[in-house]
Amino acid sequence: MAKAEATVEELVGMIERGELRLPEMQRRYVWRSTRVRDLLDSLYRGYPSGAILLWETDEDVPLQEFAVSQHKNPYQSTRLLLDGQQRLTSLSAVIRGEPVKVRGGKKLKPIELLFNLEHPDELYVVTEVEEDGADADEDEDIIQDEADSSVDELQRRFDKMTFVVSTKKLGQLAHWVSVSDVFKTDEDAPFLERAGVEKISDPLYKKYSQRLARLRGIRKYVYRMDVLERTLKYNEVTEIFVRVNSLGAKLRSSDLALAQITAKWRQSLGVFLEFQQTCADTGFDIDLGLLLKNMVAFATGQSKFLTVATLPLETLQSAWKESCRGMEFATNFLKSNVGIESPVLLSSPFILVTLAMFGHRRDYQIPPAESDMLRNWVLLANAKGRYSRGSSETLLDQDLATIRQGGGPAELMDRLRTQVGRLDIATEELEGRNQRSALFKTMFLAFRASGAKDWRSNLSIAIDHSGSQHKLQFHHIFPKAVLKRGSYGSREADDIANLAFIGGKTNRVISDKEPLHYFPPLIEQAGASAFESQCIPLEAELHDVSAYKRFLAARRSAIAQRLNDFLRIDAAGVQARAESGKEH
């Protein structure tokens, strides 16, 4: 294995000229803009940024497109990028000022970053850590948090940062400049003039010029490259790719499985991405890894990727075909029978795999009574976080085994009951929960079923409203800024009983006002039912910050009852049976 070095500028040029290509084994570009921001910040400070793994080959290897544009390469000999795609794609997009292709190349998304000419010299830590290496596009977070901090507080936070993801307001400030615009020219004058620096004698002239030069210096950052020999074959390179990424824990198991599958089934990535896009077009933007897990489940009866490398090509192709039919059933059942029209409302996407297998094993012929029971299982498994506790793959495999052995919704419900105990939602079960809880998504479903609407526009709450003023957000009824003044921390502010669903414009109008002040005019305008539909107590004495804990207790009780009504559970009956069982 040869060693080499190349600057960021040289690597970006290789991508643009088509001299550096992506093999089919690679996953798609998945980085959030915040990850790109942190990469730029690291390079700006000269921090280590890993190595690049390449393979020089004359072999006719299946390729995929970079997420940024490339010229056609007239030469057969090429360099394939095995490790470093996310970094180099990000840098190419920012330095060239080009958008990246997402959703199978059918959608363009700009990566717009701003650089703070007035950034502090010391580091302000903003690094975000993703769970299980699972990156996602930002617009997948359909139910968003609101910015109920004051404008001044937000501005103070941004002023501590060197790079930020662009916003319209920040972009209008003189000392924030577009990173891509800086890379497009070596002239400082446009940025200095915009910042009000007109003379060399201005003390800011030297400071800003040095910082702009340091930013452009990212192009000269040197990456170490490991280059695999031409004599290696595609299957062996795939094994190297899997081993390198396994040791570094850089990719998920599904990404490594994709490499093994595409090595055996050439040109299969396009097949997978085509079906993924078909699902996205119907509202279910499903991670490619889940589609592969579903295929493995259909091929082997279990969901783990451990044996994928041993599966014959014919088995993979047959399982893929059947798994697509199963996934179509699963998404249609969720939308039409359950009222879940997007995977963002699922506590775990593994529910899709269970539904897909169930439909397949029943040959898609399901009696009405069994369909109703299956609906109830989906809602309860979703609310209780069936696959969000403990070893999720093991739990999924248990349910797949139940279905494989002829079991139905009743048997699936028994497994759920064994796992979580009582199936009703007890008030105390809501204590300490926040927006990451499985119950949060069920709370949205229950409120929507009760006719919840935005308090100003009177639009029914929905996850697919267009326009920033109507886009669904979760609102802190007692805003964080208000609770902070009352000595409550962020964890207490994020309590699930302090969250409601409203549109973005309403959220911004409320901002950091106390409910004692903003409730009365909204109740007069929207009516008490708009608040009752979201289980918000209307007693004025509970709307003062001094009564915050009593407000939470009252709303928790109301939410628990609403969830049980939505889930068709007689909580009193469940408790009575539980007490009867204890007596015997």
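Sequential numbering from 1 along the given sequence is applied to the chain's residues.
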Rounding to 0.5 Å, atoms CD (Gln86) and OG1 (Thr89) come to a distance of 6.5 Å
Roughly how far apart are Ile425 CD1 and Met443 CE, rounded to 0.5 Å?
12.0 Å
Would Arg422 and Glu429 pass as an ion pair if we require N to O under 4.0 Å?
no
Just say parallel, tilted or perpendicular for the rings of His360 and Phe298, cut-offs at 30° and 60°.
tilted
Mind running side chain to side chain donor-acceptor pair (under 3.5 Å) on Asn337 and Ser371 for me, showing each step along the way?
CA-CA 8 Å; Asn337 292 46; Ser371 178; 3.1 Å; yes
Full working for side chain to side chain donor-acceptor pair (under 3.5 Å) between Arg415 and Thr402
CA-CA 9 Å; Arg415 281 201 174 276; Thr402 296; 2.7 Å; yes
Are the aromatic ring centres of Phe440 and Phe474 under 6.0 angstrom apart?
yes
Taking every heavy atom of Ser348 against every heavy atom of Asn382, the minimum-distance pair comes out as N-OD1, 4.4 Å
Checking the side chain of Glu98 only, and the main-chain atoms of Ala93 only, is there a donor and an acceptor separated by less than 3.5 Å?
no
Please give me the minimum heavy-atom distance between Cys535 and Ala558, naming the atom from each residue.
SG-O, 3.6 Å
Measure the spacing between CG of Leu552 and OG of Ser557 and express it to the nearest 0.5 Å.
12.5 Å
Check whether any side-chain heavy atom of Leu228 sits under 4.5 Å from a side-chain heavy atom of Glu236, and report yes or no.
no
Tell me which pairs pass ring-ring contact (aromatic ring centres under 6.0 Å, His included) where either residue lies in residues 361-381, with sequence neighbours left out.
Phe329-Tyr364
Backbone N or O of Leu346 within a donor-acceptor pair of the Lys441 side chain at under 3.5 Å?
yes
Residue pair Arg562 / Ser450, side-chain donor-acceptor N/O under 3.5 Å
yes
Please report the interatomic distance CD1(Ile496) to CD(Gln435), rounded to the nearest 0.5 Å.
9.0 Å
Can the ring centroids of Phe275 and Trp320 be said to lie less than 6.0 angstrom from one another?
yes
May I have the step-by-step check of side chain to side chain donor-acceptor pair (under 3.5 Å) for Glu239 and Asn235, ending in yes or no?
CA-CA 6 Å; Glu239 180 62 22; Asn235 288 346; over 6 Å; no
Point-to-point distance, once rounded to the nearest 0.5 Å, from CG of Leu81 to CD1 of Ile52
6.5 Å
What's the separation between atom CD1 in Ile340 and atom CZ in Phe333, rounded to the nearest 0.5 Å?
10.0 Å
Is any side-chain N of the basic residue among Arg325 and Glu322 closer than 4.0 Å to the acidic one's carboxylate O?
yes
Could you pull out the closest heavy-atom pair between Asp495 and Leu430, with the gap in Å?
OD1-O, 4.4 Å
Taking all atoms of both residues into account, what is the closest heavy-atom pair of Ser254 and Leu292, and its distance?
O-CD1, 3.8 Å
May I ask you to decide whether Asp414 forms a salt bridge with Arg417, counting only side-chain N to carboxylate O separations under 4.0 Å?
yes
Taking the side chain as every heavy atom from C-beta outward, state whether Tyr234 and Asp60 have any pair of such atoms under 4.5 Å apart.
no
Please evaluate residues Asp454 and Thr506 with respect to the criterion side chain to side chain donor-acceptor pair (under 3.5 Å), reporting the C-alpha separation (whole Å), side-chain torsions for both, the decisive distance (0.1 Å), and the verdict.
CA-CA 8 Å; Asp454 179 76; Thr506 302; 2.8 Å; yes
side-chain hydrogen bond (donor to acceptor under 3.5 Å, both in side chains): pairs with one or both residues in residues 289-306, sequence neighbours excluded:
Lys293-Glu393, Thr300-Gln302, Ser303-Asp397, Lys304-Asp397
